[in-house]
Amino acid sequence: MSIEEMIKHFHITPSPNDNNKIRIFNKPSKEEFEMIVAAKPEILAYFAQKRDEERRRVEERRKRIESIPGLVEIEKAMDELADWKYNLEASFEFDENHEGYGGMGVGPKPQYNIKEMLEKYPIAALYLKLKKDADKENFEISQIGKEHMEMLLNDIDSWQTVAEKYEAANKAFVDKHMWD
């Protein structure tokens, strides 16, 4: 029995707290248990390899996202505006944690024109739209966003095709649920 077959058959997982331990969920016979114990180093090496592959995949994805022109700049601007708005609204609160001071001390509003930034960087605008849909609670809209976000990240150069496919999928969703 191969290591992968053994892991699947006995539902073996790495211990969540200790990388040198494994958990066996399907009870093996005594002979099978001895076989698992003998293969433990290979099993641990298999799990370490899978962890490393996942880390590399996540890092590559992060780099692809950060390589989208203007995305970091737009997200920074949006975060600064959101922080400023939160602080402004909190300055009007009167409770045991806040002494309302009506906007004093908040500082000037950051001068960003998000609409112009989105027009200047259409790929970043598309990514942000897809990310917003991917995070929605509606399963179908979320799936549309996730699928098209992966399409965009896999081939950023064909972003216009992805945008067209996304609009078509959104239109099909709206047409399907128009009378719900």
According to side-chain contact (heavy atoms from CB on, under 4.5 Å), who are the partners of [X], at least two apart in sequence or on a separate chain?
{"X": "His9", "result": "Met1"}
{"X": "Asp175", "result": "Lys171, Met178"}
{"X": "Asp79", "result": "none"}
{"X": "Glu59", "result": "Arg62, Lys63"}

Q.
Which residues end up grouped with Val58 if you chain together Ile, Leu, Val, Met, Phe, Trp and Tyr wherever their side-chain heavy atoms are less than 4.5 Å apart?
A. none
**Q.** Transitive ILVMFWY cluster of Val72, excluding itself - 4.5 Å side-chain cut-off
**A.** none
Hey, can you pull the donor-acceptor pairs under 3.5 Å for the side chains in residues 114-131, sequence neighbours left out?
from	atom 1	to	atom 2	distance (Å)
Glu116	OE2	Asn113	ND2	3.2
Tyr121	OH	Glu73	OE1	3.3

Q.
With salt bridge (Lys or Arg N to Asp or Glu O under 4.0 Å) as the rule and sequence neighbours excluded, what pairs involving residues 141-157 come up?
A. Arg61-Glu150
Q) Shortest non-hydrogen contact from Ile12 to Met6? A) CD1-O, 3.8 Å
Q. What's the shortest heavy-atom distance between Arg23 and Pro14, and which atoms?
A. NE-O, 4.1 Å
Q | Contacts of Lys76 that satisfy salt bridge (charged side-chain N to carboxylate O under 4.0 Å, His left out) - sequence neighbours left out | A | Glu80
**Q.** Sequence-distant partners of Glu32, side chain to side chain donor-acceptor pair (under 3.5 Å), two or more places apart
**A.** Ser29
Q: Among residues two or more places apart or on two chains, list those pairs meeting ring pair (Phe, Tyr, Trp, His ring centres under 6.0 Å) that have a residue in residues 151-176.
A: His148-Tyr166, Phe173-His177
Considering only distance and modelled atom types, tabulate donor-acceptor pairs under 3.5 Å from the side chains of residues 37-51, sequence neighbours left out.
from	atom 1	to	atom 2	distance (Å)
Lys40	NZ	Asn20	O	3.1
Gln49	NE2	Glu53	OE2	3.1

**Q.** Criterion salt bridge (charged side-chain N to carboxylate O under 4.0 Å, His left out) on Glu54 and Arg57, from CA distance to verdict
**A.** CA-CA 5 Å; Glu54 180 65 15; Arg57 189 189 65 75; 2.6 Å; yes
Q. Is the CZ atom of Phe139 crowded by more than 12 outside heavy atoms at less than 6.0 Å?
A. no
